[in-house]
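One structure is given here, and the rest of the page talks about it.
Everything quoted here is computed from the prediction, not taken from an experiment. Both backbone and side-chain heavy atoms feed into the values below; hydrogens, waters and symmetry mates do not. Throughout, a chain's letter reflects where its sequence line sits, starting with A, and its residues are numbered from 1.
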Amino acid sequence: MTDSAHPSPTAPERYNAKDAEPRWQAAWAQARIYETKNDDPRPKYYVLEMFPYPSGRIHMGHVRNYAMGDVVARYKRARGFNVLHPMGWDAFGLPAENAAMERGVNPRDWTYANIATMRAQLQAMGLSLDWSREIATCDPAYYKHQQRMFLDFLGKGLVTRRTAKVNWDPVDHTVLANEQVIDGRGWRSGALVESRELTQWFFKITDFAQDLYDALDGLERWPEKVRVMQRNWIGRSEGLEVRFALDGRDGEIKVYTTRPDTLFGARFLAVAADHPIAAQVAASSPDLQAFIEECRRIGTAQAAIDTAEKLGFDTGLKVRHPLDPAWLLPVYVANFVLMEYGTGAVFGCPAHDQRDLDFSNKYGLGNTPVVCPEGQDAQSFVITDTAFDGEGRMINSRFLDGMTTDEAFKAVANRLENEVLASAPVGERKVQFRLRDWGVSRQRYWGCPIPIIHCADCGPVPVPVADLPVALPEHVSFDVPGNPLERDEAWRAVPCPACGAPARRETDTMDTFVDSSWYYARFTAPWLSDAPTDRVAVDRWLAVDQYIGGIEHAILHLLYARFFMRAMQATGWSGVSEPFGGLFTQGMVVHETYKDAAGAWVAPAEIRIASEAGERRAIHVRTNEPLAIGAIEKMSKSKRNVVDPDDIIASYGADTARWFMLSDSPPERDVIWSEEGVQGAARFVQRVWRLVSAAASASGAGGADSGLRKAAHKALAAVEEDVERLRFNRCVAHIYTLANALEEALKGPVSVGAADEAAGILVQLIAPMMPHLAEECWRALGREGLVAQAPWPAVERDLLVEDSVTLPVQLNGKKRADVTVPRDADNATVEALVLTSEEVRRALEGRVPRKVIVVPGRIVNLVV
RNA sequence: GCGGGCGUGGUGGAACUGGUAGACGCGCCGGACUCAAAAUCCGGUUCUGGUGACAGAGUGUCGGUUCGAUUCCGACCGCCCGCACCA
């Protein structure tokens with residue numbers, strides 16, 4: 001350091017992150033200390049952050065995510081675990097194709113260039129990653145195994161091909177899974193999705209619906225919020241499927257209901273617009289045909305559903321009530337009935353379902369209340385425009401009258417299961433799920449090819465395993481919209497593996513969520529070329545002990561991965577069914593927004609913060625123009641409130657960025673990135689360096705050092721507890737407290753031993769968060785080797801126990817005094833000491849306590 | 001509408017299973033060092049009254065349980081998130 005104009009002989013040098021960080025990164029890489037061996041006998045710990053899409057550059061969200069994971073990895077390593085902490089790239093996806101279309105680059109070249117940039121950025125963060133296990137999902141060495149598993153799943157009946165109504169994204173020109181449609185719009189493009197009938201490959205996630213639902217209860221280390229979301233998405237319900245016979249003609253309509261108890265309240269039947277019965281009637285009714293088309297038109301625009309009125313069309317058909325063949329019910333086609341759920345038909349019970357009531361009131365179908373709330377007089381119980389959907393006693397329901405809703409459910413189910421219509425039971429108990437099968441076909445180039453060959457004679461034929469991978473053709477053009485694979489005749493034309501006749505390859509590729517559904521399993525043995533997984537390795541490492549990522553994957557990725565593990569288990573590629581034992585969803589990185597007088601957004605890099613009359617003001621660096629400070633929002637290009645990690649690392653160093661990320665907010669909440677906060681973190685980096693330097697050169701001949709030792713071990717114990725629970729902001733607070741104590745101690749006489757011990761503990765406590773600074777300090781203290789390899793220090797429990805304890809004394813719940821008592825004094829002794837205390841006697845003003853409550857070690861309350 | 005969560009100083013947030021509310025950081029105010037700046041250090045910082053020790057009030061609002069409530073219960077107000085014609 002020679003940049004100081006007036007170097008002081010006593011002032012220690014400033015810590016230079018720019019010099020130290022690359023130096024320690026090189027030292028770690030050279031010692032290969034983060035490379036993990038599968039045969040290491042120590043207990044395993046698998047920590048994983050959701051791998052990034054190589055979009056070009058890392059952003060602050062990545063910094064936060066990976067900083068958290070790295071703290072856990074480094075801490076667990078110090079605690080003696082064999083830690084697996086790998087990194088890879090979720091490398092297939094549309095942005096690569098968009099870049100190809102806009103700039104004429106090859107998607108592969110674009111992706112790998114981004115990977116190179118982002119890998120360098122992650123390395124500059126000093127993450128303790130095992131780069132020897134790096135994988136990219138666009139590598140044929142990866143997706144070949146995915147194709148293999150696709151074929152295995154197909155063999156097990158877990159993959160099917162069928163024609164179905166699917167969500168079509170007109171902007172991205174591809175199909176989307178149900179999970180990828182948010183509020184009727186594509187999750188990436190934001191375009192309103194359209195409904196199209198296409199032949200698609202599906203993963204039969206519904207085969208595991210019950211297990212995926214039940215196993216959520218066992219995921220105790222997942223946020224409750226995510227479990228609730230998955231439960232709702234799977235949407236389990238128990239009910240009865242009831243067959244209604246058509247009157248005056250052959251046929252029946254199947255209805256699924258969760259309320260068979262209300263069957264005597266039925267007033268009508270309604271079927272979906274695309275129900276077969278509707279089509280039959282429409283064949284001879286142009287009016288119904290027009291109505292069905294109207295429903296379809298409205299139905300495609302999901303957003304219209306909220307405002308859409310309940311509309312129906314009377315088909316003229318009648319069905320017989322299953323509990324009374326003489327009772328006829330009209331059949332409507334209704335716009336609110338979904339073909340996709342249940343049987344596509346419902347029976348309408350207006351009194352006990354709001355939607356049915358609205359419909360009934362509109363078409364004058366009336367209602368019959370059949371469930372009377374407890375405590376309500378049955379005679380006067382009338383429904384007008386608010387349906388009653390609670391529980392109660394059955395009324396107007398013949399043999400059910402007087403039963404509870406539960407009893408009535410069972411009674412109806414039992415009777416209809418034993419009633420016969422056309423040689424089959426009228427009713428059947430069924431469990432329904434909202435979850436649909438996962439459509440994985442995507443009409444895009446930059447994805448994993450589906451390993452199927454279509455033959456005119458043999459139909460879809462699996463590609464033989466020996467022929468895998470089905471690799472993407474390298475030279476493709478994007479000058480025409482759509483999937484270039486469809487136009488690549490040289491790639492498409494292949495002989496049928498079954499009969500040898502000329503055939504053509506499947507041109508759809510797999511949803512990129514397939515790629516990310518098993519990468520964590522691949523990390524356990526990524527070098528394997530002849531199989532997706534090594535059973536010994538995958539069974540040993542999984543489940544991932546701590547998975548960290550954004551809440552936006554609560555359903556998508558986290559549900560798909562749970563399915564995929566089960567499918568891998570069914571095909572022998574894993575012995576484990578749950579991929580992630582512990583899940584943590586971190587909050588976003590947000591930032592203030594700034595606008596100039598003209599209303600244009602101004603980036604944080606272009607402003608400085610000044611304070612005038614005690615008020616924060618934003619000033620434009622170049623023009624000195626005052627700027628309006630706007631709302632705090634998620635970092636986004638459109639609001640220009642983005643801070644580039646590279647800039648922060650260049651000016652402050654990675655440790656400062658990591659420390660600030662971890663310090664300011666609880667990790668599950670959003671963190672506000674602020675210039676003041678970063679500067680605070682940078683100040684602390686220098687302060688630690690100064691303190692450690694001072695401790696290293698301390699030469700005091702002893703003194704009252706037990707306070708310092710206590711502070712060090714208290715901080716150590718507290719950090720242990722909080723880092724285990726990922727409460728990094730509290731770890732930071734404990735570390736500050738220790739730094740304050742050390743600084744205080746170094747001002748007076750202190751023993752060299754105590755100062756050295758406390759400084760050593762301080763360095764080890766910061767090491768998981770600020771690894772480079774910690775190494776530099778470790779060396780300054782004269783310790784051997786790398787702090788990254790040093791075992792975690794042991795807490796001396798004796799130091800945590802105080803000999804005497806100062807108890808607050810309350811009078812009627814208000815604190816009036818402090819009284820110091822021996823630690824192990826019994827309640828009577830404490831009471832005596834308190835009552836003789838001068839302070840307490842003054843506060844009592846001669847009154848005698850009616851009651852004395854002593855909570856050992858905590859508090860004393862006197863009631864007067 | 002249904003489900004989940006949250007309301008604490010100027011600010012981000014602490015407070016273990018009911019036991020000293022505001023730890024720790026940021027900001028701000030005052031001071032020291034300096035020709036000056038940066039850096040650093042010292043003191044203060046919930047509100048009200050008082051020079052002061054101290055007194056009173058205080059965790060969205062109202063009520064309850066308790067010796068004692070940010071914490072438990074009830075009602076209400078506000079905010080955030082998820083789902084939403086699911087039969």
Has [X] got a side-chain N or O lying under 4.0 Å from the OP1 or OP2 atom of [N]?
X      : N     : value
A:R669 : B:G12 : no
A:N740 : B:G25 : yes
A:N232 : B:G82 : no
A:R231 : B:G82 : no
A:Y256 : B:A87 : no

Can you check the distance between [N] and [M], where both ends of the measurement are the [atom1] atom (answer in whole Å)?
N     : M     : atom1 : value
B:U20 : B:G25 : C1'   : 22 Å
B:G64 : B:A87 : C1'   : 42 Å
B:G10 : B:G27 : C1'   : 7 Å
B:G4  : B:C42 : C1'   : 48 Å
B:C28 : B:G78 : P     : 35 Å
B:A21 : B:C47 : C1'   : 14 Å
B:G30 : B:C80 : P     : 38 Å
B:U17 : B:G63 : C1'   : 26 Å

Which part of the nucleic acid, if any, lies within contact of [X], taking any heavy atom under 4.0 Å across all strands shown: a base, the sugar-phosphate backbone alone, or nothing?
X      : value
A:V855 : base
A:T258 : sugar-phosphate
A:N729 : sugar-phosphate
A:V337 : base

Problem set entry | Helical stems, RNA chain B - three or more consecutive Watson-Crick or G-U wobble pairs below 3.5 Å |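 Ordered by first number, the stems with RNA chain B (at least 3 consecutive pairs each) read B:1-7 with B:77-83, B:10-12 with B:24-26, B:27-32 with B:40-45, B:46-49 with B:54-57, B:60-64 with B:72-76.
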Problem set entry | Along RNA chain B (nearest heavy atom to each residue), the more 5'-positioned of A:S237 and A:Y736 |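 Looking at the nearest nucleotide for each, A:Y736 comes out on the 5' side.
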Exercise. A:A681 or A:E721: which one's nearest nucleotide on RNA chain B is closer to the 5' end?
Worked result: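 Nearer the 5' end of the strand: A:E721.
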Without decimals, in angstroms, what is the distance between [X] [atom1] and [N] [atom2]?
X      : N     : atom1 : atom2 : value
A:E744 : B:C42 : CD    : C1'   : 11 Å
A:R727 : B:G12 : CZ    : C1'   : 17 Å
A:Y332 : B:C85 : OH    : C1'   : 18 Å

Donor + acceptor pair across side chains of [X], [Y] (<3.5 Å):
X      : Y      : result
A:Q210 : A:R236 : yes
A:Y256 : A:S237 : yes
A:Y15  : A:S693 : no
A:R267 : A:T368 : yes
A:D358 : A:Q354 : yes

To the side chain of [X], which of [options] is closest?
X      : options             : result
A:R816 : B:A87, B:G56, B:C85 : B:G56
A:S665 : B:A84, B:C85, B:G12 : B:G12
A:V228 : B:G3, B:A87, B:G27  : B:G3
A:Y341 : B:A14, B:G68, B:C86 : B:C86
A:Q810 : B:C16, B:C26, B:A21 : B:A21
A:K747 : B:C26, B:C41, B:C86 : B:C41
A:I672 : B:G12, B:A87, B:G68 : B:G12
A:R858 : B:C16, B:C85, B:C86 : B:C16

Exercise. Is B:G9 in the syn range, within 90° of 0, or in the anti range?
Worked result: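 That one's syn.
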Exercise. Charged N to carboxylate O under 4.0 angstrom, A:R669 versus A:D664?
Worked result: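 Salt bridge flag = no for A:D664 with A:R669.
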Tabulate atom names and distances for all N/O pairs under 3.5 angstrom spanning the protein and nucleotides 38-40 of chain B.
from: B:U40; atom 1: O3'; to: A:R690; atom 2: NH2; distance (Å): 3.1

Problem set entry | Under 3.5 Å donor-acceptor, A:N861 side chain and A:I853 backbone |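 Absent.
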How long is the span from the [atom1] atom in [X] to the [atom2] atom in [Y], to the nearest 0.5 Å?
X      : Y      : atom1 : atom2 : result
A:R816 : A:L862 : CZ    : CG    : 11.0 Å
A:R221 : A:L726 : CZ    : CG    : 9.0 Å
A:I735 : A:N740 : CD1   : CG    : 12.0 Å

Please table the atom pairs, donor to acceptor, closer than 3.5 Å between any side-chain atom in residues 711-718 of chain A and protein atoms at least two apart or in another chain.
from: A:H713; atom 1: ND1; to: A:E796; atom 2: N; distance (Å): 3.0
from: A:H713; atom 1: NE2; to: A:E757; atom 2: OE2; distance (Å): 2.8
from: A:K714; atom 1: NZ; to: A:E802; atom 2: OE2; distance (Å): 3.0

Exercise. So, is the end of the A:R14 side chain (NZ or CZ) under 6.0 Å from the ring centre of A:W689 and within 45° of the ring's axis?
Worked result: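 Verdict for A:W689: no cation-pi partner in A:R14.
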